Protein chains: 2
Amino acid sequence: MADRSTRRRVGIGDVAARAGVSHATVSRVMNGNTTVNSAIAARVQAAAAELKYKPNPVGRSLALGKTETIGIVVPDLSNPTFQSILRDVSIAAARDGYRVLIADSSEVSSEEAILAGEARRRCDGVVLCAPRMSQDDLEELAPTLHPLVLINRTTEHSSTPSLVVDYGHGIQQLGAHLVELGHRRIAYLTGPERSASNVQRLRGLEKFVQDYPEVELQFIPGGNTYDAGNEASDAVASCGATGILVFNDVAAMGLLHGLSERGIRVPEDLSITGYDDMPFARYTMPGLTTAAVPITQLGSLAWRRMREHIKQADAESPTDHFEPHLEIRGSTAPPKA
Amino acid sequence: MADRSTRRRVGIGDVAARAGVSHATVSRVMNGNTTVNSAIAARVQAAAAELKYKPNPVGRSLALGKTETIGIVVPDLSNPTFQSILRDVSIAAARDGYRVLIADSSEVSSEEAILAGEARRRCDGVVLCAPRMSQDDLEELAPTLHPLVLINRTTEHSSTPSLVVDYGHGIQQLGAHLVELGHRRIAYLTGPERSASNVQRLRGLEKFVQDYPEVELQFIPGGNTYDAGNEASDAVASCGATGILVFNDVAAMGLLHGLSERGIRVPEDLSITGYDDMPFARYTMPGLTTAAVPITQLGSLAWRRMREHIKQADAESPTDHFEPHLEIRGSTAPPKA
DNA sequence: CTGAAAGCGCTAACAG
DNA sequence: CTGTTAGCGCTTTCAG
């Protein structure tokens with residue numbers, strides 16, 4: 001039983017009493033049911049206003065079987081990519097009167113299923129953002145979450161819409177751009193191993209070397225943080241490549257700093273590319289050539305798919321593809337003669 | 001009535017039936033009530049496991065009068081400061097089994113009260129982060145939100161703990177640092193007008209000019225974004241000052257880029273300081289001298305205060321102060337002779 | 001130690 | 001058009 005405050009919050013019964021009607025009528029008025037006599041409705045509105053009555057959403061949720069809340073689980077809230085997705089989803093959902101509950105798995109893949117399940121029980125649906133779990137685990141989990149929207153992963157489960165950024169294509173474009181500038185010795189500074197988007201970049205690079213057999217491609221272990229990029233500076237400086245494809249803009253910025261400290265000029269001595277076109281990418285020095293991910297559309301589309309499935313359980317479940325496009329700035333140029 | 005799925009989720013009744021006991025007993029077992037006969041308890045556990053039963057949190061919340069969720073309302077989720085607070089609060093809360101619901105007011109101060117109220121109704125408490133609303137509005141709102149924790153604002157209301165960063169002190173330190181280097185003509189590139197933390201910096205600067213009457217201080221309109229900093233480049237370049245205090249690291253980075261494009265060297269021609277010591281601040285070129293805000297402690301302390309008030313309505317409500325400390329990097333140096 | 005029953009705050013059939 | 005009543009899924013008194 002609930003009784004934790006000295007005097008209870010004002011409930012539907014208080015309004016009913018004050019307006020001299022039943023709860024049911026108050027409920028009808030609060031929900032804009034027009035079949036209520038307007039005089040009575042006015043009386044109820046007045047009573048509600050005087051008491052500053054607001055319906056208790058928990059009671060409402062229990063009765064309606066919906067919470068008007070969605071959950072979003074991300075691998076790491078400190079990652080700008082996920083921050084930006086979170087923000088866009090949240091804004092899109094808010095426009096339709098929905099809220100978002102967040103869950104951060106801290107990159108622990110075994111937590112993802114638990115967090116997603118919990119979120120699902122409290123919410124009308126969940127968006128799983130770039131989950132790190134294995135494909136098998138994902139296939140098993142997806143059906144239990146139903147209104148589920150997947151970002152940067154796909155599943156066999158027929159009623160799960162996916163939104164995927166074609167990271168492979170973006171990195172191919174960046175590579176091609178370097179080749180056109182005249183680079184032949186190229187290195188890829190890798191991202192986190194568990195990241196599906198890193199794997200996609202690697203696949204894209206396989207195609208890239210097929211398309212340009214004259215290119216000599218090597219791989220340098222990196223990461224997705226400023227520090228990781230910075231720490232790779234020595235390895236990059238000594239690898240012999242003239243063009244470096246970096247996993248993302250964050251790592252690229254760290255690398256840029258480290259190279260500058262070592263007296264290596266970009267783009268004169270070395271060309272650098274980032275990935276994502278984060279807000280700061282145009283303000284590094286020099287500005288970063290990068291692949292822009294249309295991330296704003298992504299958040300709002302994720303919400304749209306979610307809303308469709310909330311409204312209608314068997315709504316369509318397409319896989320939406322997002323194509324990054326090249327954003328050429330000052331960090332790339334022809335190699336030294 | 002709720003009936004939107006073809007077959008309902010498994011509820012407490014299903015487990016009870018399967019184990020041949022009453023709902024009450026299942027409830028007791030699920031809540032670890034030890035007064036249950038262990039044989040029966042085992043039977044219930046088994047039944048629950050077979051059916052993959054998980055208690056419905058909405059029903060639970062209604063009965064218990066608590067949701068184990070807190071709300072956090074921020075002015076703008078794209079602001080790195082708030083992202084970082086959100087993340088830290090969320091991680092701290094998660095450790096105690098609480099979740100967080102987010103609300104972004106999009107810098108619209110009139111939305112704050114509404115969002116906070118809604119969040120409060122669905123949650124056990126709310127964290128109001130740097131609200132833009134007037135002091136009067138805040139005083140009126142605070143008592144209605146009770147378990148309320150305020151970040152970067154304070155209120156008269158006796159049972160509202162506050163966490164405030166002493167932005168004024170930090171900017172004084174930055175100013176003093178410039179003076180020690182020999183700067184006398186200094187400019188402050190301002191932040192958003194409605195931002196309390198900008199106001200605090202302005203107050204700190206008042207004291208700063210009192211302490212150093214030899215300093216000539218001017219103000220240049222800025223903002224809190226990369227673009228705002230960048231757009232202020234011309235104004236900064238022509239203002240005659242030799243040291244620029246920028247509202248935060250983000251704007252400082254934008255400015256750095258703009259100055260570089262105009263051939264102005266930092267720190268040789270102009271010294272620049274940021275504020276916040278965001279993760280990228282050490283990787284701008286040159287690295288930013290800035291005031292580091294101990295923001296991680298802030299998030300976990302905010303949660304601790306919140307938890308205290310959830311557990312005990314009349315818990316203490318101190319105002320916790322956070323002192324920024326100087327972080328000196330390459331963007332400041334003595335002025336040109 | 002267990003079950004029956006009431007109640008959390010609300011919505012929605014169903015009568016009237 | 002309005003009130004009565006049942007019920008959403010769970011917890012907790014209160015008897016037994």
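From a predicted model like this one, the values you see are computed outputs, not experimental measurements. The figures that follow rest on heavy atoms only: side chains count, while hydrogens, waters and symmetry mates do not. Numbered from 1 within each chain, the chains take letters A, B, ... in sequence-line order.
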Give a yes or no on whether a donor-acceptor pair under 3.5 Å exists between the nucleobase atoms of C/dG3, that is its base, and the side chain of B/Arg28. yes

Residue from B/Ile85, B/Thr81, B/Val165 passing side-chain contact (heavy atoms from CB on, under 4.5 Å) with B/Asn152: B/Val165

Which part of the nucleic acid, if any, lies within contact of B/Val58, taking any heavy atom under 4.0 Å across all strands shown: a base, the sugar-phosphate backbone alone, or nothing? nothing

Spacing between B/His23 atom NE2 and C/dA4 atom P, to the nearest angstrom: 8 Å

Expressed as a whole number of angstroms, how long is the span from B/Arg43:CZ to C/dC1:P? 15 Å

Using whole Å, what does the distance between atom P of nucleotide C/dT11 and atom CG of B/Leu62 come to? 12 Å

Please check if any side-chain donor atom of B/Gln312 sits under 3.5 Å from a side-chain acceptor atom of B/Glu308, or the reverse. no

Given that A/Ala24 and A/Thr35 both sit by DNA chain D, which one's nearest nucleotide is further toward the 5' end? A/Thr35

C/dG3 phosphate, OP1 or OP2: any side-chain N/O from B/Thr25 under 4.0 angstrom? yes

Report yes if some heavy atom in the side chain of B/Leu86 is under 4.5 Å from a heavy atom in the side chain of A/Leu86; otherwise report no. yes

With respect to the side chain of A/Val21, which nucleotide from D/dG3, D/dC10, C/dA12 is positioned closest? D/dG3

Whole-Å distance between C/dG9 C1' and B/Arg122 CZ? 14 Å

Would you call A/Arg132 and A/Glu107 a salt bridge, taking side-chain N to carboxylate O under 4.0 Å as the test? yes

Atom CZ of A/Arg60 to atom C1' of C/dC8: distance rounded to whole Å? 17 Å

Starting the side chain at C-beta, find the nucleotide from D/dG3, C/dT11, D/dT11 nearest to B/Asn31. D/dT11

Distance, rounded to the nearest Å, where A/Tyr53 contributes OH and C/dC10 contributes C1': 7 Å

Both A/Ile40 and B/Pro55 contact DNA chain D. Taking the nearest nucleotide for each, which residue is further toward the 5' end? A/Ile40

Measure from the side chain of A/Asn37, starting at C-beta and using heavy atoms only, and say which of C/dC10, D/dT2, D/dG3 lies closest. D/dT2

Among B/Ile151, B/Ile102, B/Val149, B/Asp104, which residue satisfies the side-chain contact (heavy atoms from CB on, under 4.5 Å) criterion with B/Ile72? B/Ile102

Whole-Å distance separating the CD1 atom of B/Ile12 from the P atom of C/dG3: 12 Å

Counting heavy atoms from C-beta on, name the nucleotide in D/dT11, D/dG7, C/dT2 closest to the side chain of A/Ala63. D/dG7

Nearest-Å distance for atom pair NZ/P, residues B/Lys54 and D/dG9: 17 Å

Would one find a side-chain N or O of B/Asn56 under 4.0 angstrom from OP1 or OP2 of D/dC8? no

